[in-house]
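Here is the structure we will look at.
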Amino acid sequence: MSQLIHSASRLPINMTHVRQQFARRGRLEDARFFYDEIATRMIDRLGYIKVAPERIVDAGCGPGNALYLLAARYPQASIIGVDHCAPFIEHCQSQYVPKGLKSIVQKLKGRQGFSFALADMAAMPMAAESVDMVWSNLALHWHQQPHDVIREWRRVLSNSGLAMFSCLGPGTFREVRSAVAAADIRTQTMQFVDMHDFGDILLENGFMDPVMDQEVITLTYRTVDALLKDVRGLGGNPSEARGDGLKGRAWYRRFREALEAGRAEDGLLRLSLEVAYGHAWCKPVRQNAAGETLVPVSAIKRAVR
């Protein structure tokens with residue numbers, strides 16, 4: 001496991017800044033092109049997984065842009081959106097929770113519908129083993145305690161439940177980090193966890209047979225302004241040791257010049273986004289006739305290590 005995760009379960013992310021930065025982004029319109037694309041790719045992957053969930057949690061649901069994709073895939077499932085950003089939950093409540101006659105018609109059609117909770121992904125309000133699938137699109141990398149989040153997913157999932165997620169990996173924004181270094185700007189940039197570490201965390205928390213893979217999506221730009229607009233739209237920098245921004249204009253000029261120096265032979269700027277995908281099943285807990293819990297030896301060995 002990498003030093004970033006192994007040294008402490010807490011990453012250098014300021015969760016208050018995460019909430020504040022996303023609250024300023026409206027309904028993530030500037031990043032919809034990317035969030036929607038990754039959500040669609042996740043839905044496509046579900047086509048190869050045999051699962052029929054009755055209750056789904058969208059962990060880190062944001063403004064609810066993926067809810068209709070999940071509802072179309074599993075029309076009879078109830079879907080619970082969880083996010084710690086109040087404006088997102090308020091928007092979801094107004095857009096997706098029917099009132100009056102619409103609510104009655106929905107129930108007559110057999111759809112359980114949507115509900116929402118303002119909560120941290122590591123402390124969700126659902127009872128233990130009460131949902132069949134946890135879905136999380138591009139949210140896990142914004143949490144400072146991924147161990148706690150995945151442990152919480154295991155808590156709320158029923159035995160043999162499925163967790164499926166996507167998140168950004170270490171190759172994300174490498175051009176921006178290179179420009180920060182070249183411009184000699186003293187600040188902490190966003191740190192991302194390797195997908196193999198997430199696979200280890202899943203195993204440590206009662207999941208089995210995790211499947212992890214990744215791809216790098218490269219965006220191209222004609223101007224620095226367009227590139228920086230997408231960087232801000234995709235989340236900004238909530239790192240705890242980031243610069244305070246009160247350094248005058250010289251650092252920003254150096255930063256832009258460093259980005260300009262990264263143009264390729266075709267004259268375009270590039271921005272790399274490494275996307276990790278993962279899914280894993282909860283390890284079934286069995287009991288014998290005497291009511292004793294049977295735990296696989298492999299799980300005990302992992303716990304001892």
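What you are looking at is a predicted structure, and each value in this text was computed from that prediction instead of being measured.
Annotation: the span from Arg232 atom CZ to Leu227 atom CG amounts to 9.5 Å, rounded to 0.5 Å. Remark: Met212 CE to Phe198 CZ distance equals 7.0 Å, nearest 0.5 Å. His147 contributes atom NE2, which lies 6.0 Å from atom CD of Glu204 (distance to the nearest 0.5 angstrom). Between the OH atom of Tyr252 and the CD atom of Glu257 there is a distance of 12.0 Å, given to the nearest 0.5 Å. The CG atom of Asn237 sits 7.5 Å away from atom CD of Gln188, with the distance rounded to the nearest 0.5 Å. Residue Leu168 holds its CG atom at 5.5 Å from CZ of Phe34, rounded to the nearest 0.5 Å.
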Original post:
What do the steps show when you test Leu28 against Phe22 for side chain to side chain contact (heavy atoms under 4.5 Å, CB included), and what is the final call?
Top reply: CA-CA 8 Å; Leu28 299 184; Phe22 276 99; 3.7 Å; yes
Subject >> Full working for side chain to side chain contact (heavy atoms under 4.5 Å, CB included) between Gln95 and Leu67 >> reply: CA-CA 11 Å; Gln95 291 295 115; Leu67 292 172; over 6 Å; no
**OP:** For side chain to side chain contact (heavy atoms under 4.5 Å, CB included), just list the numbers for Leu157 and Val131, CA-CA rounded to whole Å, side-chain angles, deciding distance to a tenth of an Å, and then say yes or no.
**Re:** CA-CA 5 Å; Leu157 278 167; Val131 302; 3.9 Å; yes
Original post:
Can you check salt bridge (Lys or Arg N to Asp or Glu O under 4.0 Å) on Arg41 and Glu37, steps first, answer last?
Top reply: CA-CA 6 Å; Arg41 296 185 187 195; Glu37 177 61 28; 2.7 Å; yes
Original post:
What do the steps show when you test Trp153 against Phe207 for ring pair (Phe, Tyr, Trp, His ring centres under 6.0 Å), and what is the final call?
Top reply: CA-CA 10 Å; Trp153 292 355; Phe207 289 90; 7.7 Å; no
**OP:** For the pair Asp36 and Asn65, evaluate side chain to side chain contact (heavy atoms under 4.5 Å, CB included) and give the outcome as yes or no after the intermediate values.
**Re:** CA-CA 7 Å; Asp36 289 358; Asn65 296 332; 3.9 Å; yes
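Side-chain contact between Phe114 and Leu70 is absent, with no heavy atoms from C-beta onward closer than 4.5 Å. Contact of the Leu228 side chain with the Phe255 side chain is registered, since non-hydrogen atoms from C-beta on lie closer than 4.5 Å. In this structure, the side chains of Asp266 and Thr220 stay at 4.5 Å or more apart for every pair of heavy atoms. Counting only heavy atoms from C-beta outward, the side chains of Ile89 and Cys61 approach each other to under 4.5 Å. Inter-residue side-chain proximity for Ile49 and Leu162 is flagged as met; some heavy-atom pair is nearer than 4.5 Å. At a threshold of 4.5 Å between non-hydrogen side-chain atoms, the residues Gln191 and Ser239 do not count as touching. At a threshold of 4.5 Å between non-hydrogen side-chain atoms, the residues Asp230 and Tyr221 count as touching. Counting heavy atoms from C-beta on, the side chains of Arg25 and Asp30 never come closer than 4.5 Å.
Residue Val176 comes nearest to Leu259 through the heavy atom pair CA-CD2, 4.4 Å, listed as atom of the first residue, atom of the second, then distance. Scanning both residues, Val275 and Ser166, for their nearest heavy atoms gives CG1-CB, 4.4 Å. For Leu203 against Met208, the heavy-atom pair with the smallest separation is CD2-CA, 4.5 Å. Nearest approach of Met42 to Ser136, heavy atoms of both residues: CE-O, 3.8 Å. The shortest heavy-atom contact between Gly62 and Cys92 is O-SG, 3.5 Å. For the pair Leu273 and Leu219, the tightest heavy-atom approach, listed with the atom from each and the gap, is CD1-CD1, 3.7 Å.
Because its NZ or CZ atom is not both nearer than 6.0 Å to the ring centre of Tyr35 and within 45° of the ring axis, Arg32 does not count as a cation-pi partner of that residue.
No continuous path of hydrophobic side-chain contacts links Leu140 to Val211 [ILVMFWY only; heavy atoms under 4.5 Å]. Hydrophobic cluster membership is shared by Phe33 and Ile217, with clusters built from Ile, Leu, Val, Met, Phe, Trp and Tyr side chains linked at under 4.5 angstrom. Residue Tyr68 is grouped with residue Ile79 when hydrophobic side chains (ILVMFWY) are merged at heavy-atom distances under 4.5 angstrom, including chains of intermediate members.
Not one N or O on the side chain of Arg19 forms a donor-acceptor pair closer than 3.5 Å with the backbone of Ala86. Panel note: side chain Arg177, backbone Thr172; a donor-acceptor pair is recorded below 3.5 Å. In this structure, Gln144 contributes its side chain and Ile13 its backbone to a donor-acceptor pair below 3.5 Å. The backbone N or O of Glu240 sits nowhere less than 3.5 Å from a side-chain atom of Asn14 that would complete a donor-acceptor pair.
Ring pair Tyr96/Phe116 is tilted by interplanar angle, where 30° to 60° counts as tilted.
Using a 3.5 Å distance cut-off with no hydrogens or angles, the side chains of Thr223 and Asp225 do not pair a donor with an acceptor. Between the side chains of Asp120 and His143, at least one donor N or O sits under 3.5 Å from an acceptor N or O. A side-chain N or O of Ser272 and one of Glu175 form a donor-acceptor pair less than 3.5 Å apart. Side-chain contact, His91 with Arg27: a donor N or O sits under 3.5 Å from an acceptor N or O.
Around the CZ atom of Arg263, the shell of radius 6.0 Å holds more than 12 heavy atoms that belong to other residues, nucleotides or ligands. Annotation: Arg174, atom CZ; neighbour count of heavy atoms from other residues, nucleotides and ligands within 6.0 Å does not exceed 12.
Checked options Gln214, Arg45, Glu215; the residue passing with Tyr277 is Glu215 (criterion: side-chain hydrogen bond (donor to acceptor under 3.5 Å, both in side chains)).
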